[in-house]
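Please read all numbers here as calculations on a predicted model, not as lab measurements. Below, chain A is the first sequence line, B the second, and so on; all start at residue 1.
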There are 4 protein chains.
Amino acid sequence: MARPKSIQTGTILEAARKVFMRDGYQACTARIAREAGVSEGSLFKHFKSKANLFLAAMEVEAGGTAWEERLMAGVGKGDPRKALESAGIHLLEQLRLTLPRLMMVNASGVTIPNHDLPGEIPHPIQKMEVLSRYFTAETRAGRLAMASPRIQAHLFLGALAHYAWCETLFGYRSATPAVYVKTLVDTLLRAAVTLKKREAPK
Amino acid sequence: MARPKSIQTGTILEAARKVFMRDGYQACTARIAREAGVSEGSLFKHFKSKANLFLAAMEVEAGGTAWEERLMAGVGKGDPRKALESAGIHLLEQLRLTLPRLMMVNASGVTIPNHDLPGEIPHPIQKMEVLSRYFTAETRAGRLAMASPRIQAHLFLGALAHYAWCETLFGYRSATPAVYVKTLVDTLLRAAVTLKKREAPK
Amino acid sequence: MARPKSIQTGTILEAARKVFMRDGYQACTARIAREAGVSEGSLFKHFKSKANLFLAAMEVEAGGTAWEERLMAGVGKGDPRKALESAGIHLLEQLRLTLPRLMMVNASGVTIPNHDLPGEIPHPIQKMEVLSRYFTAETRAGRLAMASPRIQAHLFLGALAHYAWCETLFGYRSATPAVYVKTLVDTLLRAAVTLKKREAPK
Amino acid sequence: MARPKSIQTGTILEAARKVFMRDGYQACTARIAREAGVSEGSLFKHFKSKANLFLAAMEVEAGGTAWEERLMAGVGKGDPRKALESAGIHLLEQLRLTLPRLMMVNASGVTIPNHDLPGEIPHPIQKMEVLSRYFTAETRAGRLAMASPRIQAHLFLGALAHYAWCETLFGYRSATPAVYVKTLVDTLLRAAVTLKKREAPK
DNA sequence: GATGAATGAGCCTTCATTCAT
DNA sequence: AATGAATGAAGGCTCATTCAT
């Protein structure tokens with residue numbers, strides 16, 4: 001039996017993340033190795049190439065689909081406002097992690113190997129789909145009135161994403177996350193409810 | 001009396017933009033020079049360094065403030081829906097140019113020399129301010145009812161930005177720009193109007 | 001545990017010396033690397049920059065101070081002629097190494113980092129001081145008669161330095177080193193002795 | 001008739017000298033042009049190449065042969081001490097100009113085109129020859145007693161050269177030029193005279 | 001003749017990657 | 001498995017030189 005691995009992949013990834021986030025993709029591997037407390041050789045034993053390491057470091061685990069299930073489970077019952085707010089908070093949290101990395105990858109010029117993500121739909125869009133399904137379902141259930149759920153979903157996620165974006169890029173916040181999400185949900189629902197109210201009398 | 005200038009700075013910037021957007025900041029200057037049909041030496045005669053060229057290429061002229069004036073001029077008169085849609089279309093157009101470049105700069109690891117942008121407020125946030133002022137003004141004029149105009153502005157711009165973002169990153173569009181903006185404005189106004197209607201009876 | 005060092009710093013320095021002496025400071029590092037049988041990258045691993053390498057290559061170890069001690073030890077005893085000839089031969093040998101390098105450094109335009117030689121007195125002048133002290137001591141001992149030992153020291157070293165200089169620059173020798181030194185010492189001593197003889201009768 | 005030359009070659013040479021002396025051969029032509037108040041193009045109209053300009057700038061006009069003639073004219077008559085001191089002062093003056101430039105050229109790695117100086121004997125050596133002839137002549141005339149005039153000449157010039165050298169390189173002076181030369185001549189003559197005196201009694 | 005814009009070869013230096021322990 | 005010495009390809013940048021007025 002050879003000697004056991006004494007280097008944690010996680011340690012490397014953490015260091016890589018930190019350095020890449022600070023210096024961009026042109027951060028040099030030597031610095032990452034130093035920051036991780038590991039020899040440069042080991043870096044390349046654990047990850048075939050710098051690009052690989054970069055992608056691995058920028059990868060963000062899906063974060064579970066619990067929120068999706070919770071959201072969809074609430075269709076037809078409970079308070080949509082609460083359901084949406086809960087989902088919004090969760091999404092915002094996740095976007096704060098996801099977006100900067102996505103941005104890094106996109107700006108790095110590194111071409112993502114297709115065989116790793118075979119035709120996979122990018123996360124942000126997947127999320128939009130989920131929201132869209134929710135809106136559609138509630139509309140069908142007669143609890144919301146939305147003319148174009150898909151666009152509304154885009155809009156919803158967009159507002160969240162932009163919040164995260166402004167925060168990481170400029171350190172700007174128009175409100176706390178909670179308030180922001182609340183206002184967002186409120187706006188959407190008001191618009192949806194109105195539609196319903198108006199249509200109802202007819 | 002000397003040889004006349006035969007290289008347009010614009011030509012270089014265009015090429016640089018193209019290459020940087022494709023390959024990231026690590027695009028090599030040789031390629032940019034070739035793409036611009038210019039010698040590498042000339043690149044550095046026109047821009048002191050690669051970083052300088054990069055920033056110049058990513059810089060996006062404000063694009064005029066006509067839309068701001070038009071928007072604010074409409075306060076109290078005319079149809080807010082039309083005013084917002086017009087502004088929205090314009091902003092979306094601009095964001096499609098601005099955002100990717102902003103992202104590039106941020107992810108490049110190039111530190112922006114402070115003396116160039118002395119405490120300047122980043123464009124996207126400036127725009128949010130304008131929108132916020134508009135919402136506030138219309139609310140004061142009694143034509144809209146918004147509890148927190150600043151957040152609504154954030155939300156409005158966020159939806160637009162995310163549209164541009166999804167388009168450039170994933171080639172995804174939930175709708176045409178016109179329809180998207182229309183829906184966005186509609187949502188906002190419905191929510192705002194509702195508020196007004198409800199309060200009115202009281 | 002890691003790959004053992006296989007490059008001797010001395011090997012690089014030797015090659016650098018050879019090339020720099022032939023081509024001047026503008027010798028290219030690639031050639032030095034080739035001449036040393038080493039990759040260009042290794043050059044810069046061992047010496048931070050070309051200037052560093054250059055200075056290190058031109059640096060000439062003091063060569064010991066044995067001659068100084070021997071010279072000063074002979075004050076008052078033994079034959080001054082022999083002592084001076086021995087010192088002269090030694091100095092000439094050393095100057096042949098030192099002067100060309102000193103010249104190179106001075107003409108290279110490379111600014112020597114101060115922290116390396118903090119106010120250090122340049123070698124040739126140090127040597128002049130030693131000689132000066134010797135002449136003074138022997139004069140005090142009544143074995144030589146020199147009106148201005150310091151100038152005589154300058155003169156002595158000057159004659160040696162110029163011999164080395166003419167040899168390296170023009171390949172010119174008015175005599176073999178031994179004969180040259182002998183004549184030089186003879187000239188100095190004759191002048192010194194004369195003085196004594198003349199004064200003695202008084 | 002074309003327009004008359006309005007650029008003085010002398011102006012360029014002066015500037016070149018200044019810059020080359022400060023920065024070594026790697027001084028860039030642009031700076032020389034600027035310092036000379038001339039366009040870079042003009043530099044190359046006046047001198048085929050940088051190396052040419054460099055050599056021209058480092059070239060030092062012979063400075064006349066008046067001193068030689070004066071020296072040789074004094075053979076057999078007048079005070080040798082005065083003649084040698086006068087020649088020494090003159091030579092020292094000239095060496096102060098010559099040596100640094102010679103050093104520059106030698107360290108530059110620029111190979112002097114042979115067809116420009118076809119087999120020409122370098123100045124310092126020419127001078128040694130003149131001195132050597134003088135010493136020989138005076139010895140023949142019975143006014144000096146030198147066993148090896150050529151070596152003594154080397155020694156004489158060497159002492160002068162080293163003075164100039166120490167001055168330019170280290171800013172070191174053991175005495176004023178006048179005193180230094182005086183001491184040098186004194187030393188040589190004492191040695192020579194002694195010889196004569198001693199031999200005479202025999 | 002004088003200018004300075006344009007050029008492109010070449011150089012120093014970095015850095016991802018490999019290799020010998 | 002881990003190390004860090006060694007590598008060499010590549011890139012940013014300079015600068016001598018040419019060219020079009």
Gap between atoms NZ and P, on C/K48 and E/dC12 respectively (whole Å): 18 Å
Could you give the side-chain donor-acceptor pairs of residues 104-111 of chain C under 3.5 Å, partners two or more places apart or in another chain?
unit_1, atom_1, unit_2, atom_2, d
C/S108, OG, C/V105, O, 2.9
C/S108, OG, C/V110, N, 3.0

D/F44 CZ to E/dT7 C1', straight-line distance once rounded to whole Å: 13 Å
Counterpart residues, side chain to side chain contact (heavy atoms under 4.5 Å, CB included), relative to B/T11 (two or more places apart): B/Q8
Expected rows: protein N/O vs nucleotides 4-8 of chain F N/O, under 3.5 Å:
unit_1, atom_1, unit_2, atom_2, d
F/dG4, N7, A/G41, N, 3.4
F/dA5, O4', C/R3, O, 3.4
F/dA6, OP1, C/S6, N, 2.4
F/dA6, OP1, C/S6, OG, 3.3
F/dA6, OP1, C/I7, N, 2.8
F/dA6, OP2, C/H46, NE2, 3.4
F/dT7, OP2, C/S39, N, 3.3
F/dT7, OP2, C/S39, OG, 3.3
F/dT7, OP2, C/S42, OG, 2.6
F/dT7, O4, C/K45, NZ, 3.4
F/dG8, N7, C/G41, N, 3.4

Partner residues of B/A36 under the side chain to side chain contact (heavy atoms under 4.5 Å, CB included) criterion, sequence neighbours left out: B/A15, B/V38
Inter- and intrachain pairs under salt bridge (Lys or Arg N to Asp or Glu O under 4.0 Å), touching residues 95-104 of chain C, at least two apart: C/E93-C/R96, C/R96-C/E167
Sugar-phosphate, base or nothing in reach of A/A33, heavy atoms under 4.0 Å: nothing
Under-4.0 Å side-chain N/O to phosphate OP1/OP2 contact, A/T29 with E/dA16: yes
Within residues 18-26 of chain B: residues closer than 4.0 Å to DNA chain E (heavy atoms): none
Rounded distance in Å - CZ (B/R34) to P (E/dT7): 15 Å
Nearest listed nucleotide, side chain of A/C28, among E/dA16, F/dT18, F/dC13: E/dA16
Euclidean distance, atom CD1 of residue D/I12 to atom P of E/dA2 [Å, nearest integer]: 9 Å
Nucleotide-level pairing of DNA chain E, given in dot-bracket where Watson-Crick and G-U pairs need both distances under 3.5 Å and | marks other strands: .||||||||||||||||||||
Summary of side chain to side chain donor-acceptor pair (under 3.5 Å) pairs that have at least one residue in residues 25-36 of chain C, sequence neighbours excluded: C/K18-C/E35, C/T29-C/E40
Sugar-phosphate, base or nothing in reach of A/A27, heavy atoms under 4.0 Å: sugar-phosphate
Partner residues of A/A57 under the side chain to side chain contact (heavy atoms under 4.5 Å, CB included) criterion, sequence neighbours left out: A/L13, A/A16, A/F20
Nucleotide E/dT14, atom P - distance to CZ of C/F47 in whole Å: 15 Å
Shortest non-hydrogen separation from C/R17 to C/E59 and the atoms involved: NH1-O, 4.4 Å
CG-CZ distance between A/N52 and A/F47, expressed to the nearest 0.5 angstrom: 8.5 Å
All side-chain hydrogen bond (donor to acceptor under 3.5 Å, both in side chains) counterparts of B/T98, not counting sequence neighbours: none
Partner set under side chain to side chain contact (heavy atoms under 4.5 Å, CB included) for B/S39, not counting sequence neighbours: B/S42
From D/K50 atom NZ to D/I32 atom CD1, the distance as rounded to the nearest 0.5 Å: 7.0 Å
Separation of atom CZ in A/F54 from atom C1' in E/dA16, rounded to whole Å: 15 Å
Value in whole Å for how far the P atom of F/dT18 lies from CG of D/L43: 13 Å
